[in-house]
Every structure is written in C-alpha cells, then in structure tokens.
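Structure first, then comments.
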Number of protein chains: 2
Amino acid sequence: MAENTVLDAIDAAILRELQNDARISNKDLAARVNVAASTCLERVRALQRRGVLAGFHADADPAALGRPLQAYIAVRVRPHNRDVVEPFIRFVLDLPETIALSHIAGADDFLVHVAVRDAAHLQRLLLDGFTSRREVAHLETQLIFSHIRKWDIGPM
Amino acid sequence: MAENTVLDAIDAAILRELQNDARISNKDLAARVNVAASTCLERVRALQRRGVLAGFHADADPAALGRPLQAYIAVRVRPHNRDVVEPFIRFVLDLPETIALSHIAGADDFLVHVAVRDAAHLQRLLLDGFTSRREVAHLETQLIFSHIRKWDIGPM
DNA sequence: ACAGGTTCCGAATACTCTTCGGGGCATGGC
DNA sequence: GCCATGCCCCGAAGAGTATTCGGAACCTGT
C-alpha cells in the first residue's frame, strides 16, 4: 500500500473503532475489523507512525467539572505581528478556561473556545483576562447553546 | 466524598493522565497516581458513572487523511425555529466535511467547523451544501490557520 | 468506645498483549 | 512459465495485565 494513498478498508475500520472508543482492547478491535490480533496491533502502530492517529484522549465533560457555560471569544490583536501574537497564544493556552484556540483569517484574528462556571465568571475572564491586555483591540463574545463534536472523521 | 464537590487529588490526576493518553494501561495509570491497580480501576469507573469521563477517543489528523484545510462557517438560519433547525443540524452532522457544530447565540446561529481537501472543495461545499438550502439566510466563512485543542481540562 | 459506612489494598485467576517464525500471495524479471 | 522478492498476514506461547473479592484501615457520628 502506497504511503500517499487513502486508507484501505481495514485501516479505515480501525480508525473508526478507535475514534469511537480509544480504550477498546486490541483483541476486541481485531475481532471488529476481522484481522488477527497481531495484525491489528501492527496496523495501529503503523497508523501512529504515519501520523494518522495523532493521539488518544479521554473526553472530560466540562459541565461535570463545574463549568457548564461555554462561549466563543473572537479577538482582534493589534499589531498583528509575531512578537505580539506568540505571547498572546501562550497566554490563552495557559488560561484554565480555554478549551481550544484557533488562529483564523478574517476580520477577527483568533477564536477562543472557553468553558466557565457562569456568566459572572465569563465576565471576569473577559475584563480581567482579555480587555486588560494592551494588544487586544476588539472582543466579541458568543454564548454556545450546544457544541457537538463529531468523533469519527475519515478519509473522503 | 460528596457527589457535588470537585474532584479530589487522585481523581484529578487520573483525569489528567487519561486526557493525556487514553490508552495507558490501568497498571501504569495506577502507578502514576500512586494507588493500587484495583483502586484505580474502580475510580476510573466511578468517573465514568458520574459523567466526568464522557468517553475515550482516538484523535485522527485531518491533514493526514487528505483534508489539510480547515474553516469555520458561520450560518444564519431563517426561520430559526425547531422545524427548520433540527433538520439543519442533522444535515450538517451528516456532512463528511464536518468536524464540529456549535449552536450559538448572536448574529449568527451556527458555527460549523469543517476540514476539506482544498479551497475548491470548500467552495463546492459552500455552494452545493449550504447556500443551496432554502433555510440558509447568510454565510460567513473564515479559514483556520491553526487550531489547537487543549486536551487536559480540569476542575477550576 | 463502638457501629456503620466507606475507601483502599493485595492475592489470585482469567484474560490480553506482544513478539516472532513462517506461510501465502502478488509482482516483476528473465 | 517460473522463480525470487517483498509484503502482509497469521497463530502459538510467554510475559504481562485486568478484574474480582475478602478483609484491613479509616473516618464519623453517637
């Protein structure tokens, strides 16, 4: 199988199963995709080597951790150069409220996905965390009613 | 330990380790958090029962799957009522390009996170997938330069 | 102090992981 | 056609791990 082609049927099935349940035993995984356990193990390792499988992560529920409110914060950073942007990224990633951070093209420069306790907590985060920083030129906050992440993405 | 309190130190450590590597063996996990394997196993199951641990998922790299370009699509859906919104959500989640979908409060109604092959693919998705639908009143697309997801979120 | 409840541990069995040698099958050269 | 080569796959078996369960230790309120 060439390195640059899409996945074959077995790899795609392995990917699907592991995205669905990363803690499945290798034996059960092998049974689901109809190969021997040893074959399955080697294919999983190959997928990791190729970078297709980037990692395995437990999904913690922010609400169960006392952070039931989520929001997107769109941020414009001025001036938008490396010396300003890189410390800003580090700052955002160090915030415990941050779940994800995107650097985007458009009117806004960053989209920060946060999970907080309540509206007061969000307000404090915006005022003390963001608007107090000099490089933050503009903020726009959108509450998230619901956020659905599709776990099983595949080749197209 | 009360059900409504935050996690104790051991649970927090288990959560951190499993978010970091969901396929760690129970024995290694127990060693890392300094409890017996049997204790560790029971705590992990309790965290699942309590809903703190919502699942375990392999993280596949969209770029390695031939979809190196990501974007946010902000969508306004009119009329914004249940009969229109629910089919729209199903439609978006069924698209293979979709990675995540947020229902948000603000000028826009939804934020769709997609991964595509290239700009032409994105254009086709927007024109054929979204603007051709009658309930889609407005679209705004932002390319994503980089997207960083923080895997280890914890109690605050 | 003691009863009741909870949490933790370690031993033991059942089960799983992982390695490794070898078989089968496609591909390509001659 | 026929063999050599490389690739993928498999099963066996020892090493390692998961899981259960009985009992010890520890709170906590009376």
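Below, chain A is the first sequence line, B the second, and so on; all start at residue 1. The shown structure was predicted, so the numbers you read here are calculated from the model rather than taken from an experiment.
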Can you check salt bridge (Lys or Arg N to Asp or Glu O under 4.0 Å) on B:Glu97 and A:Lys150, steps first, answer last? CA-CA 10 Å; B:Glu97 289 88 352; A:Lys150 260 179 69 175; over 6 Å; no
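Residues passing the side chain to side chain contact (heavy atoms under 4.5 Å, CB included) test with B:Ala31, sequence neighbours excluded: none. Residues satisfying the side chain to side chain contact (heavy atoms under 4.5 Å, CB included) criterion with B:Gln48, sequence neighbours excluded, are B:Val44, B:Arg45, B:Leu53, B:Phe56. With sequence neighbours excluded, the residues forming a side chain to side chain contact (heavy atoms under 4.5 Å, CB included) with B:Asn81 are B:Pro79, B:Asp83, B:Val84, listed by chain and number.
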Given protein heavy atoms under 4.0 Å, the one-letter contact record of nucleotides 9-25 of chain D, with B base, S sugar-phosphate only and - none, is simply SBB-----SSSB-----
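In summary, of the residues considered (A:Val116, A:Leu69, A:Val114), a side chain to side chain contact (heavy atoms under 4.5 Å, CB included) with A:His121 occurs for A:Val116 alone.
Regarding B:Glu42, its CD atom lies at a distance of 13 Å from the P atom of C:dC9, rounded to whole Å.
Between its two ends, the helix from C:dA1-D:dT30 to C:dC30-D:dG1 turns its axis by 30°, counting five pairs per end and rounding to 10 degrees.
Geometric assessment of B:Arg133 against the ring of B:Phe88 yields a negative cation-pi assignment under the 6.0 Å and 45° thresholds.
Ring pair A:His103/A:His80: centre-to-centre distance below 6.0 Å.
Taking Ile, Leu, Val, Met, Phe, Trp and Tyr as members and joining any whose side-chain heavy atoms lie under 4.5 Å apart, directly or through other members, the hydrophobic cluster of B:Ile104 also contains A:Tyr72, A:Ile104, A:Leu111, A:Ile144, B:Tyr72, B:Leu111, B:Ile144.
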